[in-house]
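All residue numbers in this chain count up from 1 along the given sequence. Model, not experiment: these values are computed from the prediction.
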Amino acid sequence: MNTHTRRRAGGRAERHKLRAAPLADDIRPVRSGLEGGQYRPLSDADMATIYAAAIEVLETVGLQDAPQSGVDAMVARGVKLGDDGRLRFPAKVVEWAREVAAKPVTLYGRDPAHDLRLEGHRVHYGTAGAAVNMVDTETGTYRESDLQDLYDATRLADALDNIHFVQRPIVARDVTDNYELDINTAYACAAATVKHVGTSITEAPNVAGCIELLHLVAGGEAAWRDRPFMSNSNCFVVPPLKFATESCLVMEEAIKGGMPVLLLSAGQAGATAPAPIAGAIVQAVAECLAGLVYVNALVPGHTAIFGTWPFVSDLRTGAMSGGSGEQALLTAGCAQMGHYLGLSMGAAAGIADAKLPDMQAGWEQATSNVMAGLSGLNMVYEAAGMHASLLGFCLDSLVLGDDLIGQSLRCVRGIEVTPETLSIQTMHDTCIGGPGHYLGHAQTLGLMQTEYVYPAVADRSSPKEWEEKGRPELLVTARARREALLAMPPRAALAPEVDAEIRRRFKIHLRTA
């Protein structure tokens with residue numbers, strides 16, 4: 001009996017050793033760009049109906065408040081300017097924009113290993129948002145976010161395998177000048193990750209400075225334009241159906257500078273978008289199609305992401321409910337519409353209304369992340385770290401989110417059915433003259449790393465083992481991993497001479513990077 005116990009323990013230790021070994025990228029069980037598309041809440045007829053409704057809205061209601069430069073560009077392409085000041089979009093103009101739009105889109109990382117190919121149902125998870133508070137899991141309190149928090153969040157995202165890109169998730173509240181805020185946001189993100197970055201820019205005149213900084217990071221304008229590793233997250237509309245004048249001017253300058261843009265329509269169902277989920281999708285699709293016309297009227301084929309990004313209200317109070325089942329459905333439906341239109345798209349998922357990383361946060365984040373991935377959403381924004389309906393960001397929750405997204409990606413990957421995975425011969429070998437279990441079988445050992453995903457933080461031990469380990473708590477373990485990752489040398493650090501030149505030209509508030 002003792003011999004059997006020792007043999008079993010040795011086997012378990014060997015299996016743990018196998019699981020702990022670093023994996024080559026080509027055998028990882030989950031990775032960036034897995035193919036989703038298994039989940040389809042809308043039928044083909046539904047999608048055709050929604051598109052037809054969006055076209056009707058564009059032709060009859062239209063949008064207002066575009067800057068004159070945008071009006072001129074769109075009218076020159078066939079958009080109609082009414083006496084009421086609204087721009088109306090004939091179906092043929094929308095179809096033209098769909099035809100000339102960049103597709104598929106590639107978003108570049110500073111390191112080519114992190115390039116994102118946005119085509120078909122390929123799925124990528126990342127951060128996003130504009131949280132103004134940080135969540136402290138030790139005290140359960142909120143405080144204002146600052147530039148160091150943004151740098152730390154970006155560094156963590158850079159180190160976490162299942163976070164594939166970084167869109168600025170928090171606002172540096174300690175930088176009060178808008179120009180310095182935009183510069184320092186771009187700097188903190190560029191200096192902290194080799195993955196693709198998305199950032200917002202507050203005013204059009206600030207774009208030139210941000211682009212100049214990015215030229216320095218890239219090694220010159222030509223290198224930047226060849227591989228633009230930072231995109232402009234642009235709320236170009238103020239729902240319902242109005243252009244955001246200043247943001248549109250920012251977008252125009254970003255396009256001139258060779259910066260990819262995310263056309264972000266963020267209506268809130270029941271408040272700034274229709275309450276029915278279908279109606280909210282119609283408005284978001286209409287607004288983003290107008291944005292697509294706008295971009296391609298300026299520069300045909302410029303890289304743009306179709307960012308149908310509507311949120312949901314709790315209709316009892318009007319408060320945002322980003323962690324709701326309705327939000328998960330809305331995001332999945334928007335993903336389907338992007339596929340229907342043949343465009344590279346992104347939308348929001350993974351938002352928690354919960355104020356802390358607790359059980360509520362877990363079900364809210366998991367539900368929408370899994371549904372977004374299964375729908376084949378190309379860019380799943382806000383997938384980790386976001387709490388309090390986007391008002392709070394939590395570094396420990398970002399670490400936990402890496403585990404959660406790993407499980408989501410395994411769902412996206414699905415089930416491979418082959419002669420080998422059917423396992424008939426394996427069953428024969430095991431049950432007829434074999435040990436009667438599969439624990440030590442070559443097939444089991446061979447698939448341990450390539451088929452199964454193991455959490456870095458979550459605990460799967462038995463109650464007895466958990467007691468023996470000192471009853472580890474999830475948040476304590478997450479904090480320890482966060483501290484360990486931030487203690488590592490940053491792989492994205494800029495060359496000293498580049499950093500020095502940036503600091504000579506711009507007022508950088510971050511002490512070290």
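S313 and Q268 form a side-chain donor-acceptor contact under 3.5 Å, judged by distance and modelled atom types alone. Between the side chains of R117 and T106, at least one donor N or O lies within less than 3.5 Å of an accepting N or O. Q407 and D403 share no side-chain donor-acceptor pair at under 3.5 Å. Between R168 and S200, the side chains place a donor N or O and an acceptor N or O closer than 3.5 Å (distance only, hydrogens not considered).
Expressed to the nearest 0.5 Å, how far CG of D353 lies from CE of M386 amounts to 11.0 Å. Atoms CG and OG, on L116 and S344 in that order, are 11.0 Å from each other to the nearest 0.5 Å. Once rounded to the nearest 0.5 Å, the distance linking CZ of R511 with CZ of R503 reads 11.0 Å. Rounding to the nearest 0.5 angstrom, the gap separating the OG atom in S247 from the CE atom in M251 is 9.0 Å. Separation of atoms OG1 (T141) and CZ (R143) is listed at 8.5 Å; rounding is to 0.5 Å. To the nearest 0.5 Å, atoms CD (E326) and OG (S368) are separated by 12.0 Å.
E246 is listed as a side-chain neighbour of E203, based on a closest heavy-atom distance under 4.5 Å. Counting heavy atoms from C-beta on, the side chains of V261 and V295 come closer than 4.5 Å. Proximity of I211 to M259: side-chain heavy atoms (C-beta onward) are separated by under 4.5 Å at one or more points. Contact annotation: the side chain of T137 approaches that of C394 to within less than 4.5 Å [non-hydrogen atoms, C-beta and beyond]. The shortest distance between side-chain heavy atoms of L249 and P205 does not fall below 4.5 Å. In this structure the side chain of D146 never reaches within 4.5 angstrom of the side chain of V175, judged on heavy atoms. Looking only at side-chain heavy atoms (C-beta outward), Y125 and N162 stay at 4.5 Å or farther from each other. The shortest side-chain heavy-atom distance between I163 and L398 falls under the 4.5 Å cut-off.
When all heavy atoms of P90 and K80 are compared, the closest pair comes out as CG-CG, 4.2 Å. For the pair P300 and R77, the tightest heavy-atom approach, listed with the atom from each and the gap, is CG-NH2, 3.9 Å. Of all non-hydrogen atoms in V94 and V293, the two that sit nearest each other are CA-CG2, 4.1 Å. The two residues R413 and P29 come nearest to each other via the heavy atoms NH1-O, 2.9 Å. Closest non-hydrogen pair, Q167 versus S233, comes out as NE2-OG, 3.0 Å. L400 and P357 get closest at one heavy-atom pair: CD1-CB, 4.0 Å.
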I would like to know whether Y187 and D499 meet side chain to side chain donor-acceptor pair (under 3.5 Å); could you show each step before the answer? CA-CA 9 Å; Y187 171 81; D499 192 71; 2.3 Å; yes

Report the C-alpha distance between E252 and S69 in whole Å, list the side-chain angles of each, state the deciding distance to 0.1 Å, and finish with yes or no for side chain to side chain donor-acceptor pair (under 3.5 Å). CA-CA 9 Å; E252 291 184 14; S69 51; 2.8 Å; yes

Assess whether salt bridge (Lys or Arg N to Asp or Glu O under 4.0 Å) is satisfied between E119 and K103, documenting all intermediate values. CA-CA 7 Å; E119 64 180 332; K103 50 185 180 295; over 6 Å; no

Between E364 and I351, is a side chain to side chain contact (heavy atoms under 4.5 Å, CB included) present by the stated rule, with each step listed? CA-CA 7 Å; E364 290 175 334; I351 304 163; over 6 Å; no

Working note: Y179 + T202, criterion side chain to side chain contact (heavy atoms under 4.5 Å, CB included); need CA distance, chi angles, decisive distance, verdict. CA-CA 8 Å; Y179 177 71; T202 56; over 6 Å; no

List the steps and the verdict of salt bridge (Lys or Arg N to Asp or Glu O under 4.0 Å) for K195 and D158. CA-CA 7 Å; K195 300 175 181 179; D158 185 67; 5.4 Å; no

Quick one, M379 with F165, criterion side chain to side chain contact (heavy atoms under 4.5 Å, CB included). Give me CA distance, side-chain angles, the key distance, then yes/no. CA-CA 9 Å; M379 298 286 279; F165 63 91; 3.7 Å; yes

Can you list the steps and then say if L87 with V75 is a side chain to side chain contact (heavy atoms under 4.5 Å, CB included)? CA-CA 8 Å; L87 290 163; V75 168; 4.0 Å; yes

R28 and D161: CA distance, side-chain angles, deciding distance, salt bridge (Lys or Arg N to Asp or Glu O under 4.0 Å) verdict: CA-CA 10 Å; R28 289 178 182 270; D161 286 342; 3.1 Å; yes

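Using a 4.0 Å cut-off between a side-chain N of Lys or Arg and a carboxylate O of Asp or Glu, E35 and R122 do not qualify as a salt bridge. With respect to the salt-bridge test (charged N to carboxylate O, under 4.0 angstrom), the residues D115 and R227 qualify. A salt bridge links E253 with K256; the closest basic N to acidic carboxylate O contact falls under 4.0 Å. Here D136 does not pair with R479 in a salt bridge; the nearest charged N to carboxylate O distance is not below 4.0 Å.
By the 6.0 Å and 45° rule, R98 stacks over the aromatic ring of Y51.
In the displayed structure, E99 atom CD is contacted under 6.0 Å by at most 12 heavy atoms of other residues, nucleotides or ligands. For E56, the CD atom sits in a loose shell: 12 or fewer heavy atoms of surrounding residues, nucleotides or ligands are nearer than 6.0 Å. The 12-atom threshold is not exceeded at NZ of K242, counting heavy atoms of other residues, nucleotides or ligands nearer than 6.0 Å.
The aromatic rings of W224 and F229 sit perpendicular, their planes meeting at an angle over 60°, well past the 30° parallel limit. Under the 30°/60° scheme for interplanar angles, the aromatic rings of Y294 and F243 are found to stand perpendicular.
When each of T193, V197, L494 is tested with R110 by the rule side chain to side chain contact (heavy atoms under 4.5 Å, CB included), just one qualifies, namely L494. Screening L58, T60, L289 for a side chain to side chain contact (heavy atoms under 4.5 Å, CB included) with F89, the sole residue that qualifies is L58.
A distance below 6.0 Å separates the ring centres of H121 and H339.
Formation of a donor-acceptor pair under 3.5 Å by the D174 side chain with backbone atoms of L147 is found in this model.
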